[in-house]
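Following: one structure in structure tokens, then a few remarks.
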2 protein chains.
Amino acid sequence: MLDIVRSNNDETQSGAARVFTFFRDRLLAGELRAGDRLLPERELALALGVSRPVLREALRSLAMLGLLDIQHGRGAFVRAADASVLGQALTLCLAPEPNILDDVLQARIAIECQAIRLACERASERDLQAIAGTLDTLVDSLDDPERGGPADYAFHSAIVRASNSGSLMKIYEAISPLLMQSHVERRRDTFREPAITTHLVDAHREVFLSLARRDPDAAERRLREHFLIGDDLRRKNLISTYQPKEQHS
Amino acid sequence: MLDIVRSNNDETQSGAARVFTFFRDRLLAGELRAGDRLLPERELALALGVSRPVLREALRSLAMLGLLDIQHGRGAFVRAADASVLGQALTLCLAPEPNILDDVLQARIAIECQAIRLACERASERDLQAIAGTLDTLVDSLDDPERGGPADYAFHSAIVRASNSGSLMKIYEAISPLLMQSHVERRRDTFREPAITTHLVDAHREVFLSLARRDPDAAERRLREHFLIGDDLRRKNLISTYQPKEQHS
DNA sequence: GGTCAGTCCGTGGTCTGACCAGTATAACTT
DNA sequence: AAGTTATACTGGTCAGACCACGGACTGACC
């Protein structure tokens, strides 16, 4: 009756870790699905043959990972796996590295370039229409930097979604918080630069058109150009900002 | 003296969550570095103004995330952020999706294609030599499927490492467990197929040569061909396996 | 009859204090 | 001096109690 946990796991792990892996495996196996409610802590502890503190350590760990939604006075519920956890984990892993904000752009380019190739094969009419829609809002919000940022992200995100690849989408979502961070940092430099906004719409439109024509090579090329030009403009802007003070150091 | 935690965080979060974010932020800020030892639980609980169970819930959560190494009788030590956590998180996020094993290949292609482009710019002589070394072991282990798999992985992994991009490397490490899983699943189909092993070395060599010539477009093209052909061979193999039984269903 | 307030119960949240179990060090014995 | 034991310090576990929040039920009031 007791020891449900112990029977399924190594004897080497202790208490909370056993319970943790127990639930994790149930989640991976699909035996526990989003929305399911767990038994009350007291009953669960009894059923699993551990004390309540130990059980709580495990449940809390699962909650911190975003797998559980524990609500005071209501209970613990299984939560759908969310990319935000991935994002946090990635942030933590990348924290010690230098220049993460710049480097994460490489991951972005990697994901998007593959995504757009896939999208050329797989995108449905609805996907294309969705991308076209983001393009429209992008044009509308040209003069509003507050709306322009999200609009830009929506366009690129829609492309990744059109790839119909879960892996690419999840990874893209995972890096997007870091991407945003790098984006606001960059926008300080390129804020309202006319050369940029002028080019912006054309570049996006070209990317979209190549995708709509289902031409993977062209689409990827356009996308790479778009990234390169953005990078160039930013660099030029940085140089022109620091040039007058160049003699200082 | 007390309430070190409470002062730095929202009042909305409760106990363990506060302590958790407290330590997470210290880790992100670099104030806690790998190898550092935490104070004993009892003192820490006192210093942070929470009870020991609450503190333990937080510490345990950090340990489950791989950020802490808690050793019975010795203490809790800060652990270097490891990509294995990322891998686990990714596995959990992708678990509900169908065909993850196939789909994760798309992420692999994405990372490698961008990595090899970067590597064309950034790879040092040492990087190139390292890749050449994996190529040699790949040739040596052609007839030994047990060594061939790791050798193949070593080659591609070395390319990603040569990109000198922390993001690409971490993400590549994160997907590699899933990749391995999909690899063994696939090897059942392509086991000792002569057409494959013959082609294998040439394809890898071509990839490497393009990289050594610092030609990003060629390198990516070779790599994509390599992936495509691998995919084709596998598909052909599947078809030939199931063709005789095609009439059954 | 409908609406609102109060009460009660079940839930998670927290605490205290104790004891068990490894680890390492210091003291003791040989 | 080397090995062995004793001790203190560490995390691991437990039991029981109490608090705080949410929801449902019940009652009174409109």
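Remember, predicted model here, so these are calculated numbers, not experimental data. Order of the sequence lines sets the chain letters (A, B, ...), proteins ahead of strands, with each chain counted from 1.
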Once you round it to whole Å, what is the distance between [atom2] of [N] and [atom1] of [X]?
X	N	atom1	atom2	answer
B:Glu41	D:dA8	CD	P	21 Å
A:Leu62	C:dG12	CG	P	14 Å
B:Leu44	D:dG11	CG	C1'	13 Å
A:Arg56	D:dA15	CZ	P	16 Å
B:Asp69	D:dG12	CG	C1'	15 Å
A:Leu48	D:dC14	CG	P	11 Å
A:Leu55	C:dG13	CG	P	11 Å
B:Leu38	D:dC9	CG	C1'	16 Å

Distance alone, cut at 3.5 Å: any donor-acceptor contact between the side chains of [X] and [Y]?
X	Y	result
B:Arg161	B:Ser157	yes
B:Thr137	B:Asp140	no
A:Gln71	A:Asp69	yes

Query raised in the report: Which is it for A:Phe23 and A:Leu44 under the side chain to side chain contact (heavy atoms under 4.5 Å, CB included) test, yes or no, and what are the steps along the way?
Result: CA-CA 12 Å; A:Phe23 280 110; A:Leu44 211 48; 3.8 Å; yes
Query raised in the report: Where the side chain of A:Arg74 is concerned, which of C:dA24, C:dA21, D:dG22 is the nearest nucleotide?
Result: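 For the A:Arg74 side chain, the nearest candidate turns out to be D:dG22.
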Report task. Classify the ring geometry between B:Tyr153 and B:Tyr172 as parallel (under 30°), tilted (30 to 60°) or perpendicular (over 60°). Result -> parallel
Report task. Check whether any side-chain nitrogen or oxygen of B:Arg60 sits under 4.0 Å from OP1 or OP2 of D:dT13, and answer yes or no. Result -> yes
Requested in this report: Can you check whether any acceptor in the base of C:dG22 is under 3.5 Å from a donor in the side chain of B:His72, or vice versa?
Outcome: no
Would you tabulate the nitrogen or oxygen pairs shorter than 3.5 Å linking the protein to nucleotides 16-18 of chain C?
residue	atom	partner	partner atom	Å
C:dA18	N6	B:Arg52	NH1	3.4

Query raised in the report: B:Ser163 and side-chain contact (heavy atoms from CB on, under 4.5 Å): which partner among B:Leu168, B:Ile111, B:Asp127?
Result: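 Option passing the side-chain contact (heavy atoms from CB on, under 4.5 Å) with B:Ser163: B:Leu168.
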Report summary line: Closest non-hydrogen atoms of B:Glu43 and B:Leu39, given as atom of the first, atom of the second and distance, are OE1-CD2, 3.3 Å
